[in-house]
Amino acid sequence: MAQPRDIIGRAPSLAETLAHRLREEIASGRLQPGERLPTEHQMAETYGVSRPIVREAVGRLKHDGLVTTRQGAGAFVAEPGAASTFRLDIADFSDKVEMRAIVELLMAVEATATAHAAVRRTDEDLARIREQLEAMQEAIVRGEPGVDEDMAFHRSIVEATGNPYFRDLSQFLDHRVRHFIRTARANTARHGGLAQAVQREHDAIFAAIEKKDPIAARAAAEEHLRNAAARLAVYLGP
């Protein structure tokens, strides 16, 4: 474990930062399978965070299958192979290599889902997608980032695939890359003309789905993600 007072600096999520540190301890073997984790009080003292932050971090490790808890005994490192959930740990959104990998994953999921939605969507699906598209435009007019509207737009497209696994994976990615999306949208809102340029990308996606053209839908979704990554790179700097 880290030495006492190995304080974690302020970060977007202290719980995730601590969880990441503990994952490294487990991966390196410094915390062995079956070994009991330090108490909440000990970890709070070691890392300079509150006990609720420690509980949340341990909860994340438990969700990932890396830690098990025993009533009245505490938390223990799980045996090898116990993890059964997919993890996506994004430590630094300014890391170009990491961002490229994330965009590739998003593109594989979102672009394919958009292509399926173009083929399978019903009139009701199309109406819901149009509703979210219009909500984003209204947010732009109000000068707001429109993050929630953006995510609802893409969620409505995923729902139109009729595939519950696309929906579940998309929800997971929404949760894990929300900072990426929020940063891109918030910065777009502060740069004149960019918000409407992004909206044109959404318009292109909608138009392809409306025409039931999966090739155009996939291409429009891929272009949108490539542009989002490029915009984020500009905002975050070299």
Side-chain angles (χ1 to χ4, degrees), residues 86 88 90 93 99-233 235:
F86 176 71
L88 183 60
I90 307 170
F93 279 90
M99 282 309 307
R100 183 161 52 248
I102 294 300
V103 170
E104 284 180 356
L105 177 60
L106 285 172
M107 200 172 291
V109 176
E110 299 293 337
T112 300
T114 304
H116 284 312
V119 174
R120 300 172 183 172
R121 62 86 176 164
T122 64
D123 290 343
E124 291 76 13
D125 290 328
L126 188 66
R128 282 190 289 271
I129 298 169
R130 180 186 287 110
E131 180 181 354
Q132 299 306 328
L133 182 69
E134 292 172 350
M136 277 190 292
Q137 182 60 45
E138 291 170 3
I140 291 171
V141 171
R142 293 192 302 269
E144 298 173 358
V147 176
D148 292 337
E149 293 83 358
D150 186 307
M151 296 182 75
F153 172 74
H154 290 287
R155 262 198 309 272
S156 65
I157 291 172
V158 172
E159 290 287 349
T161 68
N163 185 327
Y165 297 107
F166 267 121
R167 180 198 62 217
D168 293 346
L169 181 55
S170 181
Q171 287 176 348
F172 171 81
L173 292 173
D174 275 356
H175 174 70
R176 300 302 296 152
V177 302
R178 186 179 294 272
H179 178 65
F180 164 66
I181 297 170
R182 189 174 297 278
T183 301
R185 290 294 300 185
N187 282 284
T188 293
R190 289 196 292 267
H191 288 70
L194 274 184
Q196 202 57 60
V198 174
Q199 188 68 351
R200 286 194 291 272
E201 294 169 13
H202 290 134
D203 288 338
I205 292 171
F206 176 81
I209 294 173
E210 184 177 35
K211 295 175 183 175
K212 294 196 169 185
D213 185 338
I215 295 175
R218 179 188 291 274
E222 289 178 346
E223 181 70 10
H224 173 55
L225 284 168
R226 276 194 294 268
N227 289 342
R231 285 187 288 266
L232 188 61
Y235 304 142

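Reckoned from all heavy atoms, side chains included, excluding hydrogens, waters and symmetry mates.
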Ring pair (Phe, Tyr, Trp, His ring centres under 6.0 Å): pairs with one or both residues in residues 131-154, sequence neighbours excluded: Phe153-His202, His154-His202, His154-His224
Pairs flagged by side-chain hydrogen bond (donor to acceptor under 3.5 Å, both in side chains) wherever residues 203-216 is involved - sequence neighbours left out: Arg130-Glu210
Contact summary for Ala160 and Ile129, nearest pair of heavy atoms: CB-CD1, 4.3 Å
Residue list, side chain to side chain donor-acceptor pair (under 3.5 Å) with Asp125, at least two apart or on another chain: Thr122, Arg128
Ring pair (Phe, Tyr, Trp, His ring centres under 6.0 Å) partners of residues 119-152, not counting sequence neighbours, each pair once: none
By salt bridge (Lys or Arg N to Asp or Glu O under 4.0 Å) - contacts of Glu201 (at least two apart): Arg231
Non-neighbouring partners of Ala204 that pass side chain to side chain contact (heavy atoms under 4.5 Å, CB included), sequence neighbours left out: Ala220
Where at least one partner belongs to residues 112-124, residue pairs that pass salt bridge (Lys or Arg N to Asp or Glu O under 4.0 Å), sequence neighbours excluded: Arg121-Asp123
Considering all heavy atoms, the nearest Ile209-Ala217 contact: CG1-CB, 4.5 Å
Quick one: side chains of residues 101-116, donor-acceptor pairs under 3.5 Å with protein atoms, not counting sequence neighbours, listed by atom name and distance.
{"residue": "Glu110", "atom": "OE2", "partner": "Ser170", "partner atom": "OG", "Å": "3.4"}
{"residue": "Thr112", "atom": "OG1", "partner": "Ala108", "partner atom": "O", "Å": "2.8"}
{"residue": "Thr112", "atom": "OG1", "partner": "Arg218", "partner atom": "NH1", "Å": "3.3"}
{"residue": "Thr114", "atom": "OG1", "partner": "Glu110", "partner atom": "O", "Å": "2.7"}

Passing option when Asp150 is tested against Arg155, Gln199, Met136 for side-chain contact (heavy atoms from CB on, under 4.5 Å): Met136
Residues that Arg142 engages under salt bridge (Lys or Arg N to Asp or Glu O under 4.0 Å), provided they are two or more places apart: Glu144, Glu149
Between CD1 on residue Ile157 and CD1 on residue Ile205, distance to nearest 0.5 Å: 5.5 Å
All side chain to side chain donor-acceptor pair (under 3.5 Å) counterparts of Arg226, not counting sequence neighbours: Glu223
